[in-house]
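Every number for a ligand or one of its atoms is a count from 1 in the order of the listing. Quick note: residue numbers are just sequence positions, from 1.
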Amino acid sequence: MTWILSTITLDEVRVNLGQCRRCELCETRTTVVFGVGNPHAQVMFIGEAPGKQEDLGAEPFIGAAGKYLNSLLGIAGLTREEIYIANVLKCRPPNNRDPLPAEIEICSPFLRDQVRAVNPLILVTLGRFATQFILKTDVGISNLRGRVHMTGRFSVLPIYHPAATLYDPSKGPVMEKDFELLGALITKRRKEFGVTGA
Ligand code: URA
């Protein structure tokens, strides 16, 4: 299999997003939180929306959920530097409420372009909103996680949102198992595409 070259760059996507005022979240956010990491990552993580720390720091997953996520990466043989992370929404919903369908519709073209620009081998969707958006499904995360799905040319591994595990530590062993699966998936996809690690 060959790895198709992307047609848009992350810099171009960032310019297109600008200081976005396309929905009401611009009234309450501090910063637009675009995405961070290796622009040519083989593994791209997709979260829901910035929380308080991310809104202040302009970077996805730098709060408690991010620290937990960082602690799991090693299980899959990954470092934070070699992955790319973005959210479905680029602005924090007030009080971390759930994203509204209209907000997802308005904001998601930027995520789609980020996926095209990074062009990873694997998408890891964190929690319900990212998973349902990427897989275009209403099925709940519990029924999707821990299995590899395909969307277009991308392998998708849905996992619980790290914040859900902070609320419910009994999900911890499941998260660790899913990161072991991610490690095996990375090895398999690298072999298929004849590529090595980042
Ligand atoms: N939760 C998310 O979904 N994204 C972040 O960036 C932080 C917390």
Q. Could a heavy atom of Gly63 be found less than 4.0 Å from some atom of ligand 1?
A. no

(Q) Yes or no: does Gln53 have any heavy atom under 4.0 Å from an atom of ligand 1? (A) no

Q: Please confirm whether Gly47 comes within less than 3.5 Å of ligand 1 when only nitrogen or oxygen atoms on both sides are compared.
A: no

Q. To which protein heavy atom is atom 4 (N) of ligand 1 closest, and what is the distance rounded to 0.1 Å?
A. Asn87 OD1, 2.8 Å

Q: Can you pull out the closest protein heavy atom to atom 2 (C) of ligand 1? Residue, atom name and distance to 0.1 Å, please.
A: Ala49 O, 3.0 Å

Q. When you look for heavy atoms under 4.0 Å from ligand 1, do you find them on the side chain of Ala65, its backbone, both, or neither?
A. neither

Q: Check ligand 1 against Pro60 and write out every atom of the ligand that is under 4.0 Å from a heavy-atom position of the residue.
A: 6 (O)

**Q.** Sub-4.0 Å atoms of ligand 1 with respect to non-hydrogen atoms of Glu48
**A.** 2 (C), 3 (O)

Q | Summary of ring-ring contact (aromatic ring centres under 6.0 Å, His included) pairs that have at least one residue in residues 92-149, sequence neighbours excluded | A | none

Q | Nearest option to atom 7 (C) of ligand 1, as decided by whichever heavy atom of Glu54, Lys52, Glu59, His161 sits closest | A | Glu54

Q. Below 4.0 angstrom, N of the basic side chain to O of the carboxylate: do Arg14 and Asp11 qualify?
A. no

Q.
Does this structure show an ion pair linking Glu192 with Arg189, if we count only N-O contacts that are shorter than 4.0 Å?
A. yes

(Q) Rounded at 0.5 Å granularity, tell me how far CG in Asp178 sits from NZ in Lys171. (A) 12.0 Å

Q: Compare every heavy atom of Leu144 with every heavy atom of Val139, then report the nearest pair and how far apart it is.
A: O-CD1, 3.4 Å

Q. For Lys90 and Gln114, does a side-chain donor sit closer than 3.5 Å to a side-chain acceptor?
A. yes

Q. Mind checking what makes ring-ring contact (aromatic ring centres under 6.0 Å, His included) contact with Tyr84, not counting sequence neighbours?
A. none

